[in-house]
Amino acid sequence: MDQTKIDALRAQPAAPFVHLIDGKHVAASDGGTMDIISPIDGQVLTTTARGTAVDMEAAIASARAAFEDGRWAGQPPAARKKVLMKWADLIEANALELAVLGVRDNGTEISMAIKAEPGSAAATIRYYAEALDKLYGEIAPTSGDVLGLIHKEPVGVVGAIIPWNFPMMIGAWKLGPALAMGNSVVLKPSEAASLSLMRMADLALEAGLPLGVLNAVTGEGKVVGEALGLSMDVDVLVFTGSGGTGRRLMEYAARSNMKRVYLELGGKSPNIIFADAPDLDEAAKVAAAGIFRNSGQVCVAGSRLLVEASVHDDFVAAVTNAAEAMRVGDPLRMDTHIGAINSDAQLQANLGFVETAKAEGGQIVTGGGRILQDTGGYYMAPTIITGVTPDATLAQKEVFGPVLSVTSFTTDEEAVKIANATVYGLAGGVWTSNLSRAHRMVRNVRTGVMHVNTYGGADGTVPLGGVGQSGNGADKSLHAIDKYINLKTAWIKL
Ligand code: NAD
């Protein structure tokens, strides 16, 4: 990728953003705006509309009207496919512009963002576009005097609430299957990173998505997110974000129309290193990347390193070397390995976890503090803390920052026990040359995804969903489609 093109894009002032409601760009009903601070330098980048409940109700009404008159759901599958394929092409054609805008907003290093954001979003939209005319209903195995048909129908209006760490990628995980199945969507991007997703929504209209089928409202979660959650006219809520917000969404559903709620939440994922790993040096490099890329602001980040005691010291030294070789800095430089922390509040929370870990007996091997403060941005050194007991705060709570806790174990059973000793169950990894041990760990560690002799990087063909307090349902793969359809039975007496 060309650094001069990136520099040219970053030099352009970012225009103010407003809502997308009923196919029109509109300001907040009360004229309110929010400053968007870039984590790269702590400066105001632009503004977005500070949405009101009235704005959200208008967006939901538009989505409902679009669904009821069949302007999208009623189109032949081939027509819907064509629009979504065009949308994917437009995302790809504008990939660098989208990626740079997103990085200025959320601080992810561009080398990761270009693939993980527009690259992955386009691939996801295309995947569901290609699938939509290959999904059949079913005929039930009934007795000869009846015919049992199972129809797959769109649910209606989908509310999609998105976090700030990978807005386009996660947005596409919801929008792809929701729109492919004929639903209308009301999108609520994160106030901490909305710009690239709002721009991506515009491209859907350019691709020919009928007006009103996709609406997007910016603003605070507790205002517009709550209005979406409490709406009587939203059929399904899909969410990625923190457990605290996930709980609220379940309450909103219970207090309103009992809408279905699907949650993709946080994790405290164990990366388990056995002494018989095929290549411990490679494992150390991948373990460092698995927690420190995007400053640890990755839901599946391998934030708990569990190391077999016999190789503990050597392995910690190797991970430390790998971490210290990673360049932290300007996220818009192609040679940066670790960009910025999304916000000052997130940075302060990360530093608080380091203090707590020290107070609870953890030893800092590297990092531990804020760096590059003179830039005005929010940067933190990759941090490794050893001697973390399984019940310590750092082993139990998601930091969502570049902080790796290290705990040693001696037996397979102990590794499984420690791995499963949190409320989460999102992801995990195991490194071993022993095939039986690998399969046993995959079975026994309670997560939605287990990596073997690698960490991260699963593509769109496989589901990602948590167990326990990491959530329910799954994004990605054909399985995700179930969230966006109703099954309807036709029982016909012949
Ligand atoms: P968050 O819960 O603070 O915010 C997520 C979204 O919810 C934002 O759009 C926000 O505006 C909205 N929101 C906040 N309060 C709300 C309310 N009262 N009602 C309705 N909406 C509300 O989470 P975050 O800080 O943006 O994201 C980080 C979290 O997301 C981490 O816990 C991370 O692990 C998780 N995450 C999970 C996955 C996954 O696939 N499981 C992927 C990425 C991130």
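As the structure is a computational prediction, the values presented were derived from the model and not from experiment. All ligand and atom numbering here is 1-based and tracks the order in the structure.
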Test log, rule side chain to side chain donor-acceptor pair (under 3.5 Å), inputs S111 and R293: CA-CA 10 Å; S111 56; R293 293 304 303 275; 3.1 Å; yes

Step-by-step side chain to side chain donor-acceptor pair (under 3.5 Å) determination, S194 to T48: CA-CA 8 Å; S194 55; T48 60; 4.8 Å; no

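Panel note: side chain K483, backbone A474; a donor-acceptor pair is recorded below 3.5 Å.
With sequence neighbours left out, the salt bridge (charged side-chain N to carboxylate O under 4.0 Å, His left out) criterion links E226 to no other residue. Not a single ring-ring contact (aromatic ring centres under 6.0 Å, His included) links F17 to another residue, sequence neighbours left out. In this view, F409 and F274 satisfy the ring-ring contact (aromatic ring centres under 6.0 Å, His included) rule, not counting sequence neighbours.
Contact shell of ligand 1 (protein heavy atoms, cutoff 4.0 Å): I161, I162, P163, W164, N165, I170, K188, P189, S190, E191, G221, K222, G225, E226, F239, T240, G241, S242, T245, R248, L249, Y252, E264, L265, G266, C299, E398, F400, L426, L464.
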